[in-house]
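Everything quoted here is computed from the prediction, not taken from an experiment. Chain naming here is simple, since letters A, B, ... match the order of the sequence lines and numbering starts at 1 in each.
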Amino acid sequence: MKRYLYYPGCSLRGTGKAYEESLLAVFKALDIELEELEDWNCCGATAYMSIDEVNAFALAGRNLALAEKKKLDLMAPCSACYLVLNKAQHYIKEYPKVAQTLEHGFKAAGLTYTGAVKVRHPLDILINDIGIEQIKARIKKPLAGLKVAPYYGCQIVRPYATFDQMYYPVSMDKLLRAVGAEVVDYPLKTRCCGGSQKGTLPEVGLSLIHILLKEAGRRNAQVVATICPLCQFNLDAFQEEAGKKYGEVSMPVVYFTQLLGLAFGFSAKELGLERNIVPAKRVLAKFEPAVA
Amino acid sequence: MDARNGDVRIGVFVCDCGSNIAATVDVKAVAEYAAALPGVVVSREYKYMCSDPGQELIRQDIVEHKLNRVVVASCSPLLHEETFRGAVAKGGLNPFCFQMVNIREHDSWVHTDRARATEKAIALLRAAIGRVAFHKPLERKRVPIHPDVLIVGGGIAGIHAALTLANAGKHVYLVEREPTIGGHMAKFDKTFPTLDCAACILTPKMTAVKKHPNITLWTLADVTGVEGYVGNFQVTVTRRPRYIIEDLCVGCLECIEACVYKQAKVPDEFNLGLGKRKPIYISFPQAVPQIPVIDPETCIDFKSGRCKKTCIEACADRHAIDLKQQPQVETVPVGAIILATGYQPFDARKVPNYGYGVYPNVYTSMEVERLINASGPTGGEVVLRDGRKPESIGIIHCVGSRDEKTNKWCSRVCCMYSLKLAHLLKEHTGAEIHNFYIDMRTPGKGYEEFYNKLLEEGVHMIRGRVAEVTDWATTPEEEGKLVMCAEDTLISFVRRVPVDMVVLSVGLVPQDDAQDVRRLFNISCSSEGWFLERHPKLAPVNTFTDGIFIAGACQAPKDIPDAVAQAGAAAAEAMVLIDKGYVEMEPNTAYILEEECSGCKTCITLCPYSAISFLSDKKVAQINEVLCKGCGTCVAACPSGSIMQNLFEDEEIFKEIEGVLVNV
Amino acid sequence: MSEEKPKSPQAGPNGFEPKIVAFFCNWCTYLAADLAGTSRVKYAPNIRVIRTMCSGRVDPQFVLDAFARGADGVLIGGCHPGDCHYQEGNYKTLRRVKMLRRVLREMGIEEDRFRLEWISASEAERLKVVVNDMVEKVRALGPLQGDGTRDSGLGIRGEG
């Protein structure tokens, strides 16, 4: 029985609720025990890092120090959380000044930090710890004939590509193929979705969103699978606006865990598929379990 | 003359080396300090000790002041120890009654504080003066040099070195691991800047090698053992079986024609997988030796034991095919070795954003050479993998060179060959050609002129490092093409250039087995992995191991003219050894004081050269002077202190320790 | 940052500058030092180099003698394992050093005062880093009290 500390981060409790719902369902089906990190705080994501680096590391570092108390790996499904936690670990190790400053903070909070915690991503855990065979064993309804464009976004491959290749990651591809889906060749799989630029520089943000959706369509994908709450939000919530401005696109954008969950036999509601703004029903309905 | 009990007359010479030493070390003060030490008869400062007048000074002072020891404080002994030993000898004194102090490389060049650099120089000099008192006269032993030479690697450098030596009357073993000599040059179509056909200039040299009575050519062979030392190497070469008896084969190639495989099916290594060959094959039409090879991995008879063996039938009157042929191991004595093992092209898969191995129409430069070559897999037609002719081609410079992520060095030849390929591709296809470069490096003779000529041919030059090659199209023009994205830095604009074909100008990297090879021959590699030369400027073909030389790209990336020049240089160095006929061994061998040896045998197993033997009658150990290489390990290990080392006696080193720790 | 005197956070008392005796093997470390010279790489002037053909020549007695005569630190430089010009000399050095360390510890000589480093002929930068690091560490430890004469035997005073 595998056990991990679970760090949801703010997104998975907010706009990324569907990610949490589907992730928990899939992990439960695989008999993986998740223990939520007690008293976790916001990781600061990319925003804080740009404003006050050292404090941002403190914010992230607190979570790492809390996690150290248990002797378990820490899973952070949100790409931004994953990157920030890793980055904090790196910087504390590489730069004595950062480590020195944070020492005071840790001491004041009554925490010890040795950098021992391993920060893991669900893709990494599924491929390397659980293994494709275990995943295949849980399939109730293979996603036969479903063409998926795997979209990784940037933060789990840049600047650190820890468990997958930097330019052409394949872990999500492997998982989706394992549950029977057809993964299309998608060269933009690590291209930027614009991040928060839809808010700050809308003409840039919207255009990047459109590029990703359009190419997925041109590659004959029926659905885009993603791993990052912000990517999912961008591609889903602003699809209509992007279509109006740059040309119509119609593509449901789901979390990879939602697709895995469907293959494992969970219902659309259990997987948070009803939260999607661009309806996924049209494409995914045939994989839903028959209503009793 | 044992001067240990007084009567030492030491001459000290401290060198300014122009300003190299004098600017940082107070040479005058150092000389003055030395003058006051017991035993020092004369202490001088001079501008350039290694110059003729400098050396003359030593000679003169020895005679005038009846010196019996000399110390020179100047540069590294690795540079001028021989020079000064020579000067000492000219003065009538044994050259080993001399000690050199390094106050340049180890002092003036690496420190900035004048006071402390001077203090250090004084301490080092003090050590040497203390030490030299214990030096005793020694004689160099002469060891004869075997006149044969081994050359490893049959590319252009190895071939040229072999011919040079053979023409000088020396016997050469040329060992090449491929079935044919010719190296990478045999794969090229034309060479820059003259656009000479590579095969046309190479093959005459290859046939000359084959015909030369002084060259023993072993192909499909590897060096598997090297023993000995300069002048006296024992080299073991394993000749892998080609399953054809070389002496009986006349090169008619009927066996290939007759092979049960009517069509060639096996990916062809020489054509980098772009073409096919049969299990019995010859690498290319002008291969030397002109003898086929049978590949046991793909030959039906080897795999299943059941084949009509039509090849043997075709060779019925000569019986040259022997499917039972075994590897042959040869052990030969040689006096000098030249390593000319070359380079390998950078693996373009290590730069994934260029799409090599992902997009079928991304090629490496070497693959394009084979496409362009008339004897290549497409007969000289430049066609894409789907058969289309490209109408637009992009060439990316510096793939795997000048790159923090892969290799930091510049591979020196890629700009020139990229321009060459641009020219040839334009000639063959009429396509629009775009060269994406960082800097245009064309330093050789006629190279800049070649570049200028190319500019007039209408090739588009874009100064910018390509970020990625993608098949993602954003406009109708980009549909179905490979798009090259780069910032054109001369106009500060990010460009997307759609092309049919991408050519990656891959850099040169050391061979995969370079580390194994250099360990076999006991030489060093630089941190990048190229074989290490003795001095980058003044001794580019010597290594730190006497008797072993390097030539060509195995030392560093270079073009053909430079490889040939180095090959000639290496051949000359080898000839120096052979023609002299002997080499003088440094007399730093160890010796045992029989009366003090307790017969514990600790030393016997320590010697890597098996130079120590046990005399069972006297129950003491004995060192063979000829085999001893002078490492001193046994000296340090001997529990009874009965092993001494010439030039590195315990007393001498203790004196050095005392000297360097002096409080100045 | 290219000075030869590393900025130590705690300079020794009375501006103490350690004396370090270095035994460098002819084929690797001595060459690396030469390369540092030709490349004008700057490092601390506290080391004094004694050349041997191989690090295997370094007798433990040399190390002890150096400490007895007033060296504050001793550094041995040899080829990387597998690269010894004489095949295995450096392995023997390694063995000897391991045992010598025990003796030095018994005598109260701090570990940082005695180092064995593998530095190849092309590693001038590494040499600089090693030397500067060692000088800084030994400077922080302070002087080793040897009375400077050989006849005092191994009378090293100083607590570990």
Heavy-atom cut-off 4.5 Å, strictly under: side chain, backbone, both or neither for [X] against chain B?
X       : result
C/Ile47 : both
C/Val49 : both
C/Arg51 : both
C/Cys84 : backbone

Taking B/Lys655 first and then B/Glu652, would you say they form a salt bridge - that is, a charged N and a carboxylate O separated by under 4.0 Å?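 Between B/Glu652 and B/Lys655 there is no salt bridge, as every charged N stays at least 4.0 Å from the carboxylate O atoms.
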Heavy-atom pairs under 4.5 Å with chain C - which of [options] has more of them than the others?
options                                : answer
B/Asn588, B/Ile523, B/Ile657, B/Val660 : B/Ile657
B/Leu532, B/Thr545, B/Leu78, B/Leu124  : B/Leu78
B/Ala590, B/Cys75, B/Pro608            : B/Pro608
B/Asn102, B/Leu606, B/Asp107           : B/Leu606

Closest approach of C/Lys42 to C/Lys128 (non-hydrogen atoms, all atoms of both residues):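 C/Lys42 and C/Lys128 have their closest heavy atoms at O-CD, 3.4 Å.
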Please name the pair of heavy atoms, one in B/Glu533 and one in B/Ala539, separated by the smallest distance, quoted to 0.1 Å.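 B/Glu533 and B/Ala539 have their closest heavy atoms at CB-O, 3.6 Å.
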Go through the atoms of [X] and report whether side chain, backbone, both or neither lie under 4.5 Å from a heavy atom of chain C.
X        : result
B/Ser527 : both
B/Val662 : backbone
B/Gln645 : side chain

For the side chain of [X] and the backbone of [Y], is there at least one donor-acceptor N/O pair under 3.5 Å apart?
X        : Y        : result
B/Arg518 : B/Trp530 : no
B/Asp113 : B/Arg116 : yes
C/Asp59  : C/Gln61  : yes
C/Asn90  : C/Ser55  : no
C/Arg101 : C/Phe114 : yes
C/Arg113 : C/Gly73  : no

Under 6.0 Å from the ring centre and within 45 degrees of the ring axis: does the NZ or CZ of B/Lys629 meet both conditions for the six-membered ring of B/Tyr229?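 Output yes; distance and angle both within limits.
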Could you tell me which of C/Met53, C/Lys19, C/Arg40, C/Lys92 has the largest number of non-hydrogen atom pairs under 4.5 Å with chain B?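 That would be C/Arg40.
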When C/Val58, C/Val21, C/Leu31 are compared by non-hydrogen pairs under 4.5 Å with chain B, the top option: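 Between C/Val58, C/Val21, C/Leu31, the count favours C/Leu31.
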Of all the residues in residues 118-127 of chain C, which have a heavy atom that comes within less than 4.5 Å of a heavy atom in chain B?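 Near chain B, by residue number: C/Ala121, C/Ser122.
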Heavy-atom count check: over 12 atoms from other residues, nucleotides or ligands less than 6.0 Å from B/Glu625 CD?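 No, not enclosed.
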Show your reasoning for whether ring pair (Phe, Tyr, Trp, His ring centres under 6.0 Å) applies to B/His106 and C/Tyr30. CA-CA 9 Å; B/His106 287 198; C/Tyr30 194 91; 4.4 Å; yes
